Amino acid sequence: MPTVHLHNTDIRFEQSEAHDTLLRAGLSQGIGLPYECNSGGCGSCKFELLDGEIEELWPDAPALTPRDIRKGRKLACQCRALGDITIRMPNDAQFVPLHRPRRQRATLVARRDVTADIIEFRFHTDAPAHFLPGQYAMLTLNGARTPRAYSMSNLGNDDGVWDFWIRRKPGGEVSEALFASLHPGDSLLLDGPYGLAHLQPASPRDVLCIAGGSGISPVLSIARGLLSDPALAERRLHFFFGARTPADICGLAELQRLPGFNERAGFHVAVSEPGASDNWHGATGFIHELVSRTLGEKLATLECYLAGPPPMVQATTRMLLLDHQVPQQQVHFDRFF
Ligand SMILES: Cc1cc2nc3c(=O)[nH]c(=O)nc-3n(C[C@H](O)[C@H](O)[C@H](O)COP(=O)(O)OP(=O)(O)OC[C@H]3O[C@@H](n4cnc5c(N)ncnc54)[C@H](O)[C@@H]3O)c2cc1C
Ligand code: FES
């Protein structure tokens with residue numbers, strides 16, 4: 001069983017499961033390794049190999065720049081040790097998982113159309129579904145070459161229920177297969193939870209949730225976590241959703257069912273591409289523009305959670321950090337690579 005040693009520390013962990021990446025091996029043993037996407041897209045998990053041999057699962061993953069490749073930097077979410085190794089990689093208590101990832105079979109118990117291209121998939125596992133609002137899991141379909149990250153839209157529970165809102169990406173290997181061939185009774189491999197952009201219940205601040213497209217799934221979970229927790233009853237919720245067309249708007253019905261939604265929360269939508277026949281009279285343009293117009297100076301006082309396509313998250317974080325001086329530690333995001 002290969003052992004991974006973090007250079008300049010006394011931290012050693014084993015890569016005990018055959019399919020483990022270095023990142024998964026570390027997190028599953030409670031080591032606080034930095035990461036974001038677990039999908040080769042963000043580059044937060046870069047490390048340098050100092051000794052030993054590794055296998056690279058995706059050598060040309062998009063997070064690796066030509067400079068990284070020249071310098072020999074690798075991604076911990078896309079590498080496995082082939083024997084004992086020593087690596088240079090940061091670690092910090094803030095990254096230590098509260099719930100360590102666990103691999104298990106999950107059976108689909110229901111599927112429901114949310115919009116024309118988003119389906120809610122509800123899975124059941126024998127073990128409890130322990131995760132924080134806003135976290136995600138890696139799903140591996142039978143026969144698929146690699147897992148994909150999908151965020152839970154519900155709350156952690158002892159009943160083993162995991163809900164995901166998944167958007168069909170035209171031509172996408174896994175989302176197309178989920179839509180076409182996964183039916184109640186079918187199962188897949190679920191590995192989770194993962195993710196650091198989860199609800200911060202200790203924050204005294206009101207909450208801003210911003211979702212673009214399928215980014216609705218984790219922020220719905222965060223809204224549920226906030227409004228369902230009596231200890232957080234003083235916090236207000238500002239919920240913003242960026243849709244491409246009016247037909248893509250979703251989530252309001254679920255939010256309105258939450259306790260205190262009408263008294264404590266507001267739901268705002270911007271549509272970026274309204275068609276002439278849509279008869280849309282609401283806000284148009286990008287969601288970060290509507291957030292900036294609506295909340296202005298108040299933004300710096302909020303705990304902000306964002307999820308969606310990388311360009312939407314990039315434009316929104318720029319607006320928050322640069323235009324409105326929101327402190328970086330108040331901004332939490334998942335980019336859907
Ligand atoms: C943290 C996170 C949370 C997400 N949550 C959601 C969600 O709640 N709902 C939702 O609809 N989508 C979500 N996504 C996006 C989702 O993971 C998929 O990228 C999306 O469904 C498209 O996958 P696909 O297989 O259909 O498309 P494809 O185009 O076939 O695959 C796209 C993705 O697969 C991965 N990939 C491609 N090749 C490889 C390889 N060789 N090895 C490893 N990985 C590879 C990359 O991440 C790439 O972006 C999330 C992504 C991330 C990173
Ligand atoms: S966590 Fe490895 S590239 Fe994003």
Side-chain angles (χ1 to χ4, degrees), residues 19 21-24 26-27 33-47 55-65 68 73-80 89-90 95 97 101 111 114-115 117-121 123 131-141 143-154 162-182 188 190-198 211-222 248 250-251 305-313 332-337:
H19 297 297
T21 60
L22 300 183
L23 178 67
R24 185 183 193 282
L27 295 176
L33 301 178
Y35 74 107
E36 179 196 329
C37 69
N38 205 2
S39 305
C42 72
S44 312
C45 66
K46 281 178 195 165
F47 74 93
E55 174 191 12
E56 279 188 82
L57 305 176
W58 194 9
D60 46 2
L64 288 173
T65 62
D68 288 327
R73 294 188 192 117
K74 318 278 182 199
L75 300 173
C77 71
Q78 302 298 329
C79 287
R80 289 181 195 140
M89 185 173 179
F95 306 127
R111 51 183 281 169
V114 176
T115 65
D117 65 358
I118 294 182
I119 289 183
E120 178 184 78
F121 292 90
F123 290 91
F131 57 86
L132 302 170
Q135 287 195 296
Y136 64 90
M138 305 302 294
L139 304 186
T140 308
L141 270 179
R145 288 171 301 147
T146 50
R148 294 287 184 270
Y150 292 108
S151 310
M152 285 70 82
S153 64
N154 63 332
W162 307 71
D163 289 343
F164 300 91
W165 284 25
I166 297 179
R167 183 171 166 269
R168 183 172 63 82
K169 175 179 170 186
E173 182 187 330
V174 171
S175 63
E176 288 270 30
L178 282 165
F179 271 56
S181 58
L182 203 75
L188 48 62
L190 183 155
D191 175 25
Y194 291 95
L196 300 167
H198 50 73
S214 54
I216 185 83
S217 197
V219 292
L220 202 49
S221 174
I222 285 169
D248 298 320
C250 57
Y305 301 91
L306 290 58
M312 170 258 161
V313 173
H332 316 272
F333 58 82
D334 269 330
R335 290 169 288 175
F336 284 12
F337 292 102

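Remember, it's a predicted structure, so these values are computed and weren't measured experimentally. We count ligands from 1, going down the list as the structure has it; atoms in each ligand are counted the same way.
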Would you confirm whether [X], through its side chain, and [Y], through its main-chain N or O, come within 3.5 Å as a donor-acceptor pair?
X: Asp163; Y: Asn154; answer: no
X: Glu55; Y: Arg80; answer: no
X: Arg111; Y: Leu182; answer: yes

Starting from [atom], find the nearest protein heavy-atom neighbour and note its residue, name and distance.
atom: atom 23 (O) of ligand 1; result: Arg148 NE, 3.5 Å
atom: atom 30 (O) of ligand 1; result: Glu173 N, 2.9 Å
atom: atom 8 (O) of ligand 1; result: Ser151 N, 3.1 Å
atom: atom 27 (O) of ligand 1; result: Gly172 CA, 3.3 Å

Where the closest heavy atom to [atom] is concerned, which of [options] has it?
atom: atom 48 (C) of ligand 1; options: Phe337, Phe164, Tyr136; value: Phe337
atom: atom 10 (C) of ligand 1; options: Phe179, Tyr150, Tyr194, Phe333; value: Tyr150
atom: atom 37 (C) of ligand 1; options: Tyr35, Trp165, Trp58; value: Trp58
atom: atom 16 (C) of ligand 1; options: Pro59, Ala149, Gly41, Gly213; value: Ala149

Could you report the tightest heavy-atom contact between Ser221 and Met152, atom names first, then the distance?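 The answer is CB-O, 3.4 Å.
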At their closest point, which heavy atom of Met138 faces which heavy atom of Tyr194, and how far apart are they?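 Smallest interatomic distance, heavy atoms only, reads CG-CE1, 3.7 Å.
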Using a strict threshold of under 4.0 Å (side-chain N to carboxylate O), is an ion pair present between Arg168 and Glu176?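 Yes.
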Given that the side chain starts at C-beta and the backbone is N, CA, C, O, which of these parts of [X] lies under 4.0 Å from ligand 1, counting heavy atoms, or is it both or neither?
X: Lys169; answer: side chain
X: Arg168; answer: neither
X: Ser175; answer: both

Using a plain distance cutoff, I'd like to know if [X] has any nitrogen or oxygen under 3.5 Å from a nitrogen or oxygen of ligand 1.
X: Val174; result: yes
X: Arg335; result: no
X: Phe336; result: no
X: Arg167; result: yes
X: Asp334; result: no

Quick one: does Met152 get a heavy atom under 4.0 Å from ligand 1?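 Outside the 4.0 Å threshold, so no.
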Identify which protein N/O/S atoms are less than 2.8 Å from atom 2 (Fe) of ligand 2.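 Protein N/O/S atoms under 2.8 Å of atom 2 (Fe) of ligand 2: Cys45 SG, Cys77 SG.
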Which of these passes ring pair (Phe, Tyr, Trp, His ring centres under 6.0 Å) with Trp162: Phe123, Phe131, Phe121?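 Result for ring pair (Phe, Tyr, Trp, His ring centres under 6.0 Å) with Trp162: Phe131.
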Distance check, rounded to the nearest 0.5 Å: Arg148 atom CZ versus Leu178 atom CG?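 Reported value, rounded in 0.5 Å steps: 10.0 Å.
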Can you find a pair of side-chain heavy atoms, one from Cys42 and one from Arg335, that are under 4.5 Å apart?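 When only atoms from C-beta onward are counted, Arg335 and Cys42 do touch, with a gap below 4.5 Å.
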